[in-house]
Amino acid sequence: MRQDLVPLIVKQIHELNGQHGVKVPADLSSDTPLFGREGILESLGLVSLVVSVEQAIEDEFGVSISLADDRALAQTKSPYRTVASLAEYAGHLIQQVEGQHG
Amino acid sequence: MDRPVTLVTGTRKGIGRFLAEHFVRLGHRVIGCSRSEFDGTLEHYVHYRVDVSDEQGVKQLVADVRKTWGRLDHLINNAGIASMNHSLLTPLSTVRDVLTTNVVGTFLFCREAAKVMKTMRFGRIVNLTTVAVPLKLEGEAAYVASKAAVLSLTQVLAKELADFGITVNALGPVPTETDLIRSVPKDKIDRLLSRQAIPRFGTFEDIANVVDFYFKPESGFITGQCLYLGGV
Ligand SMILES: NC(=O)c1ccc[n+]([C@@H]2O[C@H](COP(=O)([O-])OP(=O)(O)OC[C@H]3O[C@@H](n4cnc5c(N)ncnc54)[C@H](OP(=O)(O)O)[C@@H]3O)[C@@H](O)[C@H]2O)c1
């Protein structure tokens, strides 16, 4: 996994604090559940996070990816489960786009 | 510097071209797109050659708008194609093209534009549909179905995007003299016009007036609606 994606996502989560009822825990780590039963985000918070991560990736790496995914709300397979799984998913998509452009 | 930024799809000609010029006149920064080049120049207007159904192209266009102007206030999903033909004589490729441009294109622009509007907690989206939907016009099955889908998208997105301060509305013009209806026989147009409360062609100004209404600051409580012209 690309290590630079974890801090990028963590930063976006902190910026969401207070919006859409989001309360970011002090001990936020790459394993903190984002969505699902113990998740810290409700659906609007999740939508906001995914969009702001897409935009941050575009701004910082100049790569335009779409983090939209049909498995979004699946408890076990969702790429949005934790910071780590989201980072892994984003990293995979960035690689795909970069691969296409050589 | 603080010109509102208005994105209009399908601006090379017809209604979209008029709307681009109209909003430039009103002092907006206008961004437009179509599959071909834009003839002539228009101050405060930037043209992109993008097919509305090309996901990467649409994403790149909206990303450029965000980076260049830092805002997106209005989106008009105007780009559209029609097929005037009996369903039994309509090739599958035509059905696909009509759905892809009218439905997929509208969806993609709504999705990408809303991401930028969301961060501003303000946005106005207007989608072009047609009176052929409530009139259930025969001879245009694929086109009417595509515009019915645009109407449903409008209504659902109005709910999904309300929390972000974005309104989503639709507008259904009557026949308006552009290339889109050039091939429709005169007697068919006459029959269609006669089904309106006010039986005349629509004008570009009729359409711009409704968009102006949806864009007004006072219209923030109006969403998920469709306004048909001509009393249909
Ligand atoms: N005229 C009418 O009577 C009437 C009535 C009701 C509703 N409407 C609706 O009003 C809208 C505009 O129609 P119009 O009469 O102005 O049509 P038009 O004169 O044929 O213009 C269509 C515009 O859309 C662009 N376009 C078409 N397909 C595109 C694509 N895949 N990607 C990007 N741009 C595309 C075209 O430019 P390129 O060819 O360069 O791509 C052109 O600028 C449509 O949604 C139509 O359904 C029209």
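Every chain is numbered from 1 and lettered A, B, ... according to where its sequence line falls, protein lines coming before strand lines.
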>> Need one label for A:S66: side chain, backbone, both or neither, based on atoms under 4.5 Å from any heavy atom in chain B.
In response: both
>> Please classify the contact between A:E54 and chain B as side chain, backbone, both or neither, with a heavy-atom cut-off of under 4.5 Å.
In response: side chain
> Do any N or O atoms from the side chain of B:R3 and from the backbone of B:G27 form a donor-acceptor pair under 3.5 angstrom?
Replying inline: yes
> Counting heavy-atom pairs under 4.5 Å to chain A, which of B:K67, B:R66, B:Q60 comes out on top?
Replying inline: B:R66
> Given that the side chain runs from C-beta out, which part of B:K115 has a heavy atom under 4.5 Å from chain A: side chain, backbone, both or neither?
Replying inline: both
>> I'd like to know if B:E37 and B:R12 make a salt bridge, using a cut-off of under 4.0 Å between side-chain N and carboxylate O.
In response: no
>> Evaluate B:S146 against B:N102 for side-chain hydrogen bond (donor to acceptor under 3.5 Å, both in side chains), listing each step before the verdict.
In response: CA-CA 6 Å; B:S146 76; B:N102 299 1; 3.0 Å; yes
> If you measure from CD1 on B:I207 to CD1 on B:I15, what distance do you get to the nearest 0.5 Å?
Replying inline: 3.5 Å
